[in-house]
Each structure stands twice: as structure tokens, then as C-alpha cells.
Asker: 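Following this message is one structure expressed as C-alpha cells.
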Amino acid sequence: MAAVHDVPDDDRTRSLRERWLHTLAAVRGEVTTPDALPYADNLLARWAEPQRRYHTTDHLIAVLDHIDTLAAHAENPEAVRLAAWFHDAVYHPERSENEERSAAVAVRALTEAGVPADVTDEVARLVRLTLTHDPAPGDTNGEVLCDADLAILASEPEGYEAYTRAVREEYGFVPDDAFRAGRAAVLRQLLDLERLFHTPLGAARWEEPARANLNGELTHLGS
């Protein structure tokens, strides 16, 4: 799996590479080939693509950090961590099949890398789940990934404003009226969920501020 393009060799990138190597080693067991590093660099190159403003390595790091916080709730936290790496591996804001294409990248890469089929299948399922962020009751892996992915919604006002600004920049090709209508539909879809957060910690810590932020943004879009 060749890198899409070169990635910087800085402390931040080295830290992400180490996290990838640790996770892949945990699921591969005694399998040590092929070399795990090119897979990390391929993914890091994807996360650094120029069309991204929110779905960047900052988001990847945040999701991985939140998974670390929630890991005790997951049945297989390493599969959840792998799903985080792949959940936006393909991201083109003008397209609707990003999750499915990201899942396909995960299956291809993890199979080639020697990851057991059951783990690969679980990673692909989790990646697809980020389309709806609505895990079934008892799906602890899905609950952790979805909570980690949506934790940004519970940010302090300055952080939430930066998030919404970055999302708008990703959709810079969309006229203002169309963007407001589409964004409002997304916000309503989220608010219509019975629960935004499914882990005990996520529900206690993030549900209330996230709903406040979503309702505030929805009001602002309509003003």
C-alpha cells in the first residue's frame, strides 16, 4: 500500500505513526509482515489532503484521544482505534459515498497487512456506522467510536465555532443558501436521535452541551 504522497517527519507525525504501529501490532499478534509503516503513511497522507479543513489529522488525533478515554467500554478497543484511522480515509465533501469507500479502503489495507478477517470485518462495519452515528443497543464498539467522533459537538463555544467554520470551508463550493439548508438538515437529524452519546461517560459529559451547541447553531442558521 504505497503512500499517496509524502508526509512530514515531525514529532506529531512520529507520534501518530507510533500509535498506528502499536494498534496494528496488537491485532496482528505474531504477524510482522508486511511492514506496517507504509500503511500509516498512506493514511496520514489521506488525512492531510488539501480539500480537508475539519476532517484533518487534528480530528484523527481528537478521535483517537477520545477512544483512549472511552476504551474500557469497548469490547475490542483496538478494532475501534483502527476504525478511527479509516473512518474518513476517503473524504470528498461533494460526494455521498465516503463512508462506504473508506470501509473498502480498510478492508483492502487490513487484509493485505495480515489483520485477521474478523477484526477487518468489524473495522469495516464500524466505519460504515459513522454514516448514521446510531449504534444498536449493546454495540459497545460502535458506541465508543460514534461518541468519540461526535465529541467535538460538546466543545466550548470557541471550539465549536472553529469546528463550524472549518466545516463551512470544506463546503466552500456550496452557495450560502444551499449550505444553510443542508447544514440545518444535518443538525435536525442529529437532534432527532434519541441519544447523541451512548457510553455512560459520553452521555454524562457531552450530551447536554452538544445539544445546546446544535440548537444554537440551528437558530443561527435560521436567523
Side-chain angles (χ1 to χ4, degrees), residues 1 4 7 12-28 36-49 52-92 98-111 113 115-116 118-135 139-155 163 166-167 170 196-199 201-202 205-206 210:
M1 189 177 185
V4 176
V7 294
R12 174 191 177 90
T13 302
R14 285 192 288 271
S15 175
L16 279 166
R17 287 188 181 118
E18 285 300 316
R19 293 175 85 160
W20 167 263
L21 293 174
H22 182 273
T23 298
L24 199 64
V27 298
R28 291 203 300 184
L37 203 53
Y39 296 90
D41 285 348
N42 177 279
L43 287 164
L44 290 170
R46 289 175 179 274
W47 283 92
E49 290 166 340
R52 299 168 185 255
R53 293 296 182 272
Y54 169 65
H55 295 86
T56 65
T57 51
D58 285 340
H59 175 56
L60 172 60
I61 291 168
V63 173
L64 289 171
D65 287 347
H66 290 312
I67 290 170
D68 287 348
T69 299
L70 302 171
H73 183 76
E75 179 182 359
N76 188 339
E78 301 302 346
V80 180
R81 291 185 176 98
L82 284 176
W85 276 92
F86 284 100
H87 82 285
D88 286 317
V90 177
Y91 183 74
H92 296 282
N98 289 315
E99 290 81 7
E100 186 59 41
R101 294 179 67 201
S102 294
V105 170
V107 170
R108 184 170 65 250
L110 295 176
T111 300
V115 173
D118 60 333
V119 177
T120 297
D121 290 345
E122 176 65 355
V123 170
R125 183 190 72 82
L126 291 169
V127 170
R128 293 185 178 101
L129 184 59
T130 61
L131 178 62
T132 62
H133 293 98
D134 192 16
D139 177 8
T140 59
N141 289 340
E143 289 173 350
V144 169
L145 179 62
C146 290
D147 279 18
D149 195 27
L150 293 185
I152 183 67
L153 301 181
S155 298
Y163 153 70
V167 170
E170 286 187 338
L196 287 168
F197 298 98
H198 300 268
T199 65
L201 188 153
R205 183 180 296 180
W206 298 326

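Quick note: residue numbers are just sequence positions, from 1.
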Asker: Centre-to-centre under 6.0 Å for Trp47 and His87, is that the case here?
Answerer: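 Trp47 vs His87: aromatic centres under 6.0 Å.
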Asker: Do you know the tightest heavy-atom contact between Val63 and Ala148?
Answerer: O-CB, 3.7 Å
Asker: Step by step, would you call Ser155 with Ile152 a side chain to side chain contact (heavy atoms under 4.5 Å, CB included)?
Answerer: CA-CA 5 Å; Ser155 298; Ile152 183 67; 3.3 Å; yes
Asker: Just by distance, do the side chain of Arg17 and the backbone of Asp41 share a donor-acceptor pair under 3.5 Å?
Answerer: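 Flag not set: sc Arg17 to bb Asp41 has no pair under 3.5 Å.
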Asker: Which pair of non-hydrogen atoms, one from Phe86 and one from Ser102, has the smallest distance, and what is that distance?
Answerer: O-CB, 3.2 Å
Asker: Do His133 and Asp147 get their side chains close enough for a donor-acceptor pair, meaning under 3.5 Å?
Answerer: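 No.
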Asker: Classify the ring geometry of His66 against Trp206: parallel below 30°, tilted from 30° to 60°, perpendicular beyond 60°.
Answerer: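 If you compare the ring of His66 with that of Trp206, the planes turn out perpendicular.
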Asker: Measure the OH-CZ distance between Tyr91 and Arg46 for me, rounded to the nearest 0.5 Å.
Answerer: 15.5 Å
Asker: Which heavy-atom pair separates Leu60 from Ala84 by the least distance, and what is that distance?
Answerer: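 So the two residues come closest at CD1-O, 3.7 Å.
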Asker: Mark yes or no for whether Glu170, through its side chain, and Arg53, through its backbone, hold a donor-acceptor pair below 3.5 Å.
Answerer: yes
Asker: Working to the nearest 0.5 Å, report the span between CD1 of Ile61 and CZ of Arg19.
Answerer: 7.0 Å
Asker: Work out which heavy atom in Ala124 is nearest to a heavy atom in Ala103; give both atom names and the distance.
Answerer: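 So the minimum-distance heavy-atom pair works out to O-CB, 3.9 Å.
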Asker: Under 3.5 Å, side chain of Thr23 to main-chain N/O of Glu78, donor-acceptor pair present?
Answerer: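 A pair under 3.5 Å: no.
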Asker: Could you tell me whether a side-chain N or O of Trp20 sits under 3.5 Å from a main-chain N or O of Ala36, the two making a donor and an acceptor?
Answerer: yes
Asker: I'd like to know if the side chain of Thr120 and the backbone of Val107 have a donor-acceptor N/O pair within less than 3.5 Å.
Answerer: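 Checking the backbone N and O of Val107 against the side chain of Thr120, no donor-acceptor pair under 3.5 Å is found.
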Asker: Using 4.0 Å as the upper bound for N to carboxylate O, is an ion pair formed by Asp68 and Arg81?
Answerer: yes
Asker: Keeping Thr130 on the side-chain end and Val127 on the backbone end, is there a donor-acceptor pair under 3.5 Å?
Answerer: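 Between the backbone of Val127 and the side chain of Thr130 there is a qualifying donor-acceptor contact (under 3.5 Å).
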Asker: Restricting to non-hydrogen atoms, name the atom on His198 and the atom on Leu196 that form the minimum distance, rounded to 0.1 Å.
Answerer: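 Shortest heavy-atom contact: CD2-O, 3.9 Å.
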Asker: Given Asp88 and Arg101, is the salt bridge (charged side-chain N to carboxylate O under 4.0 Å, His left out) satisfied, shown in steps?
Answerer: CA-CA 9 Å; Asp88 286 317; Arg101 294 179 67 201; over 6 Å; no
Asker: Checking the side chain of Thr199 only, and the main-chain atoms of Gly202 only, is there a donor and an acceptor separated by less than 3.5 Å?
Answerer: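 Side chain of Thr199 to backbone of Gly202: a pair is present.
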Asker: So, does Asn141 use its side chain to make a donor-acceptor pair with the main chain of Ala74 at under 3.5 Å?
Answerer: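 Side chain of Asn141 to backbone of Ala74, a donor-acceptor pair under 3.5 Å: no, none is there.
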Asker: Quick one: CZ on Arg125 to CD on Glu122, what's the gap to the nearest 0.5 Å?
Answerer: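 It is 4.0 Å, given to the nearest 0.5 Å.
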Asker: Please name the residue in the list Leu70, Leu201, Asp139, Asp149 that meets the side-chain contact (heavy atoms from CB on, under 4.5 Å) test with Val144.
Answerer: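 In the set Leu70, Leu201, Asp139, Asp149, the residue that makes a side-chain contact (heavy atoms from CB on, under 4.5 Å) with Val144 is Leu70.
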Asker: Quick one: closest heavy-atom pair of Ala79 and Leu126, and the distance?
Answerer: O-CD1, 4.0 Å
Asker: Is it true that atom NE2 of His22 has more than 12 heavy atoms of other residues, nucleotides or ligands lying nearer than 6.0 Å?
Answerer: no
Asker: Could you walk me through whether Leu110 and Trp85 pass side chain to side chain contact (heavy atoms under 4.5 Å, CB included), step by step?
Answerer: CA-CA 11 Å; Leu110 295 176; Trp85 276 92; over 6 Å; no
Asker: So how far is it from Asn76 CG to Thr140 OG1, rounded to the nearest 0.5 Å?
Answerer: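 The OG1 atom of Thr140 is 9.0 Å from CG of Asn76, to the nearest 0.5 Å.
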Asker: How many angstroms lie between atom OG1 of Thr57 and atom CG of Leu43, to the nearest 0.5 angstrom?
Answerer: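 One gets 12.0 Å once the value is rounded to the nearest 0.5 Å.
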Asker: I'd like to know if Arg12 pairs up with Asp58 as an ion pair, taking the criterion as any Lys NZ or Arg NE/NH1/NH2 lying under 4.0 Å from an Asp or Glu carboxylate oxygen.
Answerer: yes
